[in-house]
Amino acid sequence: MGKQRMAVTIKTLRDLKAEGTPFTALTAYDATYAKTVSQAGVEVILIGDSLGMVLQGHDSTLPVTTADIVYHTRSVAAGNAGALIMADMPFMSYGTVSDALTNAGELMRAGAHMVKLEGTEWMAETVTALSERGVPVCAHLGLTPQFVNKFGGYRIQGRAEAQAKAIIKQAQLMESAGADVILLECVPAPLANEVTKAVKAPVIGIGAGNGTDGQVLVLHDLLGVTHGRKPRFVKDFLAETGSIQGAIEAYVAAVKNRSFPAQEHTFDS
């Protein structure tokens, strides 16, 4: 087991970005895994709406409710050993500013230190309202799974020049609106690198190359127990280590030395 460390905060993530030291994020949904993940040195625990697929068996994240995320956030907070806890705001839980404030309040009371929202320009007012009221925000850009029906599937975003420029502008807008962290999902690595340089906020990537400030994976993907088609950006760390603790520690080490994600996990264009 890793040593107990001082609690990770937004300042910790900013300092790591300034130092050029990559940091890690990983999903967890209960107290046992929260303790395992945080003691392995992971800086950020995400209670993702991915639980709709990996825990509840749905084919998307859309059925997940705020009550679901609140329940799992409480569980994670009970086992956490110093990681920053980020909780997803589920589909349509922030459709209006009023809804966002109410539901974010529930998540923060359950033990979250930050909430994550998916969207683009329309989200700026909501981000500002949350930030002004003391709720740290992670803005999720690129492939946003809650928009799967608009995208027509889970497709790489930002390959066209116009779309790439739009994502850079969206990241800058979210930061200006008050977002403390940007998350980029399934965008070409060169674009992710541009976004990382274009904002002062720490940038977390998934399927975005190894040039971002941090990386995030779904725990079940890291352990190789996800069923169905495996996304390109996934690596089974359990196969190489033989233990759950060892797999998580190997993930942390690989992110820190930038050997993960490797080329085979990356979209170039």
Side-chain angles (χ1 to χ4, degrees), residues 1-14 16 23-56 61 63-94 98-118 126-127 129-140 146 178-183 201-202 204 206 214-220 222 244-245 248 252:
M1 291 286 185
K3 293 181 179 179
Q4 177 82 26
R5 79 254 203 220
M6 292 183 63
V8 176
T9 66
I10 293 170
K11 183 180 183 304
T12 308
L13 304 185
R14 290 178 185 146
L16 290 170
F23 61 88
T24 53
L26 193 60
T27 63
Y29 313 102
D30 62 36
T32 300
Y33 274 111
K35 181 162 288 188
T36 303
V37 165
S38 54
Q39 289 186 336
V42 171
E43 283 89 359
V44 179
I45 294 177
L46 170 64
I47 298 93
D49 56 7
S50 52
L51 68 87
M53 302 170 83
V54 300
L55 296 188
Q56 297 175 339
T61 64
V64 177
T65 66
T66 299
D68 291 335
I69 301 290
V70 166
Y71 171 83
H72 289 282
T73 298
R74 285 201 183 101
S75 298
V76 165
N80 180 39
L84 185 148
I85 298 174
M86 181 191 299
D88 263 343
M89 296 197 69
F91 180 64
M92 290 301 291
S93 67
Y94 49 100
S98 177
D99 285 347
L101 294 176
T102 298
N103 292 318
E106 288 295 310
L107 293 171
M108 297 295 284
R109 281 189 287 273
H113 304 124
M114 174 181 290
V115 298
K116 180 167 74 64
L117 292 71
E118 300 178 14
T126 300
V127 171
L130 289 168
S131 181
E132 288 177 344
R133 289 159 177 81
V135 179
V137 174
C138 173
H140 184 155
Q146 291 177 15
D180 298 283
V181 173
I182 305 294
L183 190 147
I204 300 173
I206 180 167
Q215 298 291 331
V216 63
L217 279 180
V218 172
L219 178 64
H220 294 63
L222 178 148
I244 291 173
Q245 185 76 28
I248 298 169
V252 171

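We number each residue from 1, following the sequence as shown.
- Taken from CZ in R14 to NZ in K11, the straight-line distance is 9.0 Å, to the nearest 0.5 Å.
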Apply side chain to side chain contact (heavy atoms under 4.5 Å, CB included) to the pair T61 and Q146, showing each step before the final yes or no.
-> CA-CA 6 Å; T61 64; Q146 291 177 15; 3.9 Å; yes
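- Note that the CD1 atom of I45 and the CG atom of N80 stand 4.5 Å from one another [nearest 0.5 Å].
- Here the OG1-CG distance, from T73 to L107, works out to 5.5 Å after rounding to the nearest 0.5 Å.
- In this structure, G52 and V64 approach most closely via the heavy-atom pair CA-CG2, 3.4 Å.
- Contact detail for L84 and T9: the closest heavy-atom pair is CD1-C, 3.6 Å.
- Here the closest non-hydrogen pair linking S50 and T27 is OG-CG2, 4.0 Å.
- Applying the side chain to side chain donor-acceptor pair (under 3.5 Å) test to R74 and every residue at least two apart in sequence or in another chain returns nothing.
- For the pair I248 and L219, the minimum side-chain heavy-atom distance is below 4.5 Å.
- Residues D180 and I10 approach most closely at CG-CD1, 3.9 Å, considering heavy atoms.
- For T65, the side chain to side chain contact (heavy atoms under 4.5 Å, CB included) test picks out A67, D68, with sequence neighbours left out.
- Among the candidates V42, V216, T36, the single residue satisfying the side chain to side chain contact (heavy atoms under 4.5 Å, CB included) test with L26 is V42.
- No donor-acceptor pair closer than 3.5 Å links the side chain of Q39 to the backbone N or O of Q245.
- Counting heavy atoms from C-beta on, the side chains of F91 and E118 never come closer than 4.5 Å.
- Although no hydrogens or angles enter the test, the distance criterion places no donor-acceptor pair under 3.5 Å between the side chain of S75 and the main chain of D30.
- In this structure a side-chain-to-backbone donor-acceptor pair under 3.5 Å is missing from S131 to V127.
- A donor-acceptor contact closer than 3.5 angstrom links the side chains of E43 and T24.
- The two atoms that bring I85 and A77 nearest to each other are CD1-CA, 3.7 Å, heavy atoms only.
- In this structure, CE in M86 is found 10.5 Å from NE2 in H140, a value given to the nearest 0.5 Å.
- For the atom pair CG (L46) and CG (L183), the distance works out to 8.0 Å, reported to the nearest 0.5 Å.
- When atom types are taken as modelled, the side chain of D88 and the backbone of D49 share a donor-acceptor pair closer than 3.5 angstrom.
- Ring geometry, H72 versus Y29: the interplanar angle exceeds 60°, so the pair is classed perpendicular (tilted spans 30 to 60°).
- The minimum heavy-atom distance between P136 and H113, with the atom names listed, is CG-O, 3.2 Å.
- Between L130 and L117, the closest side-chain pair of non-hydrogen atoms falls below 4.5 Å.
- Taking CG of N103 as the reference point, atom CE of M92 lies at 11.0 Å (rounded to 0.5 Å).
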